[in-house]
Amino acid sequence: KISLAMYHLINVLFITAMMLTFYGVVNQGLFNPLILTNGVWVAFLIFVLAMMLILGQKSLRKLAQCCLSFVWSKRQILGPLSFVMLIVLQIGLIKLISAPIGWDVGRLFISNVDLLLEGNPNHANIYLSMNPNNSFFFFMMHHLSLLAEKFSSGLGSSWLFWQGLNTVFLDLGILILFFAARTFYNEKLAYLVAFLASFSLMLSPWVLVPYTDIFSFLLQALLLLLASQVL
């Protein structure tokens with residue numbers, strides 16, 4: 001009974017959060033349905049009609065179920081293949097959009113570069129005195145940059161290298177999350193978790209911002225996997 005009550009509470013909280021989010025979006029000054037073009041409204045209407053047609057036709061529902069069943073039967077091939085394709089798209093994304101970013105991320109990067117190339121700790125000292133919570137991430141990235149410099153001069157101080165590391169952290173986190181969900185629950189839910197995480201994060205702006213958020217995601221996935229092995 002307690003478990004069912006908790007699941008019900010989670011559903012209520014999720015629906016409430018989604019309603020608040022929708023309310024916030026609608027009340028945003030940038031959101032104005034009146035400025036949407038006719039093409040957008042036509043596309044939206046076609047989408048709604050198509051969904052109603054699919055949901056309303058028994059034969060189409062059966063076709064959709066057959067397609068899903070086929071995809072599920074080939075999951076061991078389609079799953080890894082889709083993941084690899086997303087990684088290829090990620091590589092193209094960070095190569096096309098590799099502009100440096102300011103704020104905390106930019107200061108952390110510049111502090112690391114100064115310490116790496118010039119041995120100048122001034123920027124690092126100032127940054128860490130203001131952001132001591134990022135000390136572990138700072139020195140981890142610094143030593144990874146030092147390691148990269150041994151393979152190729154200038155590699156560890158390049159923004160593209162940092163974005164590549166950030167992408168590796170993200171993708172590893174999703175893979176680890178998949179195995180944790182499979183151990184905690186079942187294979188079907190694990191694939192659903194990996195699907196949602198992959199398509200919402202792997203091609204998002206997160207891959208362009210090497211910062212603590214993605215590394216924290218990796219750590220949380222690792223902790224879940226460890227917990228799944230212990231519990």
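We're numbering straight along the sequence, starting at 1.
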Would you mind listing the cluster partners of L9? Hydrophobic ones only (ILVMFWY), side-chain contacts under 4.5 Å, chaining allowed. L13
Atom pair CD (Q163) and CG (L165), whose distance is rounded to the nearest 0.5 Å: 10.5 Å
Following the transitive rule for hydrophobic clusters with a side-chain heavy-atom cut-off under 4.5 Å over Ile, Leu, Val, Met, Phe, Trp and Tyr, establish whether L160 and L147 coincide in one cluster. no
Heavy atoms, side chains only, cut-off 4.5 Å: are I87 and M202 in contact? yes
What's the verdict on side chain to side chain contact (heavy atoms under 4.5 Å, CB included) for N122 and D114, showing C-alpha distance, side-chain angles and the deciding distance? CA-CA 8 Å; N122 292 335; D114 287 347; over 6 Å; no
Sorted by first residue and then second, give each side chain to side chain donor-acceptor pair (under 3.5 Å) pair with at least one member in residues 132-151; sequence neighbours left out. N112-H142, Y127-N134, N134-Y211, S145-W162
Inter-residue atom distance S198.OG - L203.CG, 0.5 Å rounding: 9.0 Å
Side-chain heavy atoms under 4.5 Å apart, restricted to Ile/Leu/Val/Met/Phe/Trp/Tyr: what other residues fall into the cluster of M130, or is it alone? I126
Interatomic distance, OG@S157 vs CG@L116, rounded to 0.5 Å, equals 6.0 Å
Set of residues satisfying ring-ring contact (aromatic ring centres under 6.0 Å, His included) with respect to F195, sequence neighbours excluded: F199
Between CG on residue L172 and CD1 on residue I214, distance to nearest 0.5 Å: 12.0 Å
Side-chain donor or acceptor of S158 paired with backbone N/O of F161 under 3.5 Å: yes
Which pairs of donor and acceptor atoms, one on a side chain in residues 216-231, lie under 3.5 Å apart (sequence neighbours left out)?
unit_1 : atom_1 : unit_2 : atom_2 : d
S216   : OG     : T212   : O      : 2.7
S228   : OG     : L225   : O      : 2.6

Chi angles and distances behind the side chain to side chain contact (heavy atoms under 4.5 Å, CB included) call for L108, F137: CA-CA 9 Å; L108 189 149; F137 183 76; 3.7 Å; yes
Can you tell me how the ring of W159 sits relative to the ring of F109, calling it parallel under 30°, perpendicular over 60° and tilted otherwise? perpendicular
In terms of heavy-atom contacts, A190 and A181 come closest through CA-CB, 3.8 Å
Hydrophobic cluster membership, L175 vs L81, 4.5 Å side-chain cutoff: no
Full working for side chain to side chain contact (heavy atoms under 4.5 Å, CB included) between M140 and F215: CA-CA 11 Å; M140 181 195 69; F215 186 68; 3.4 Å; yes
Going from CG on L189 to CZ on F178, what distance comes out if it is rounded to the nearest 0.5 angstrom? 10.5 Å
In the structure I gave you, are the side-chain heavy atoms of T167 and I94 within less than 4.5 Å of one another anywhere? yes
Residue pairs involving residues 74-90 (criterion side chain to side chain donor-acceptor pair (under 3.5 Å); sequence neighbours excluded): R75-E187, Q90-D171
Is the closest side-chain heavy-atom distance between F138 and L115 below 4.5 Å? yes
Assess whether side chain to side chain contact (heavy atoms under 4.5 Å, CB included) is satisfied between V113 and E118, documenting all intermediate values. CA-CA 8 Å; V113 170; E118 303 175 10; over 6 Å; no
